[in-house]
Amino acid sequence: MIFRIATWNVNSIRRRLPSIKRLVDTTNPDIICLQETKVEDNKFPTLEMAALGYKEQAIYGQKSYHGVAICSRHDLSGKRHRDWAGTTEARHVYCWIHSTIKLHNFYVPAGGDQPNPQKNKKFQQKLLFLEELTTWFSGQTPSRAILVGDLNIAPLENDVWSHHQLINVVSHTPVEVAALNKLMRKGGWIDAVRHLIPETDKLFTWWSYRSSDWKASNRGRRLDHIWVTPDLIANVKLAWVVDSARGWPVPSDHAPVVMDIDL
DNA sequence: ATGGTGGAAGGTCCA
């Protein structure tokens with residue numbers, strides 16, 4: 001049975017409900033993982049998501065900032081959330097799908113502007129977040145699991161519009177990329193999207209709001225990811241970025257990433 | 001070196 005999973009940093013779920021409906025109408029995912037929902041759990045649009053068919057929900061939110069959610073047409077169980085890097089920011093929710101597949105949804109800290117952990121606490125927190133994830137996943141058996149989210153790092157040269165011009169820009173610096181690669185290696189994760197789309201192809205999931213014409217300038221980055229454990233990689237069938245969503249009315253600055261997997 | 005825009009707020013922080 002083919003499962004279709006989408007991950008999307010919506011930058012406020014309440015502001016983006018029409019866009020979420022449009023994604024459902026055009027792509028019809030079985031599971032939608034959201035980041036930056038920016039809403040407390042008691043104000044989450046539970047009924048609106050249920051009306052779209054996503055009656056199963058695992059949410060972890062807070063006022064104004066951060067917030068993650070897993071909305072599903074299929075049974076979810078063992079819903080949990082976890083805090084990282086000494087904060088209580090809502091950046092990680094996870095659960096089981098049909099009690100057989102573990103699904104993690106992350107919103108990794110952006111890290112501020114200055115790529116120096118001594119001078120920038122936000123960048124320090126980002127690196128610590130990744131280190132703690134690495135330790136946590138290193139203690140687990142990497143099987144039957146999917147990890148999605150806005151990881152706020154574009155690891156490959158063709159994950160950014162200009163490797164040269166972004167090498168010292170937070171999201172593409174060598175120290176972050178090394179930390180992300182270590183998390184993948186030690187945690188036993190495979191980049192499912194790049195497994196299907198060659199590394200020689202430019203691939204972006206985010207385009208800044210601070211551009212008069214995001215499409216014409218196309219100065220994007222691939223910050224949003226879908227990873228799977230090695231035992232599932234053969235089941236991954238198709239992945240793409242719904243980049244048209246960046247041009248929908250009242251857009252998020254991120255586009256959804258969608259993957260089909262045979263489970 | 002700076003600012004550009006958007007969201008949640010209702011001043012300012014964050015991306």
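Order of the sequence lines fixes the chain letters, A, B, ..., with proteins taken first and strands second; residue numbering starts at 1 for each chain. In what follows, every heavy atom counts, from backbone to side chain, and hydrogens, waters and symmetry copies are set aside.
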Pairwise C1' distance, dG4(B) and dC14(B) [rounded to whole Å]: 16 Å
By salt bridge (Lys or Arg N to Asp or Glu O under 4.0 Å) - contacts of D253(A) (at least two apart): none
Residues that F137(A) engages under ring-ring contact (aromatic ring centres under 6.0 Å, His included), provided they are two or more places apart: H104(A), W189(A)
Results of salt bridge (Lys or Arg N to Asp or Glu O under 4.0 Å) for R246(A) - residues two or more places apart only: none
Integer-rounded Å distance: dA1(B) P and D113(A) CG: 13 Å
Span that lies between the C1' atom of dA15(B) and that of dA9(B), in whole angstrom: 15 Å
Listed once per pair and sorted, the ring pair (Phe, Tyr, Trp, His ring centres under 6.0 Å) pairs that draw on residues 32-64 of chain A, sequence neighbours left out: Y60(A)-H81(A)
For atom CH2 of W207(A) and atom C1' of dG4(B), their distance in whole Å: 19 Å
For atom CZ of R219(A) and atom P of dG3(B), their distance in whole Å: 18 Å
Spacing between Q62(A) atom CD and dA9(B) atom P, to the nearest angstrom: 11 Å
Residues D30(A) and R4(A) bridged, charged N to O under 4.0 Å: no
Nearest-Å distance once atom P is located in both dG3(B) and dC13(B): 16 Å
With R91(A) via salt bridge (Lys or Arg N to Asp or Glu O under 4.0 Å) - residues at least two apart: E89(A)
Atom-to-atom span, CH2 of W214(A) to P of dG6(B) - whole angstrom: 14 Å
Nucleic acid footprint by protein, nucleotides 10-15 of chain B - heavy-atom cut-off 4.0 Å, B for base, S for sugar-phosphate alone: ---BSB
Side-chain N,O (R16(A)) to OP1/OP2 (dG7(B)) below 4.0 Å: yes
Whole-angstrom distance between dT2(B) and dG6(B), as gauged at atom P: 23 Å
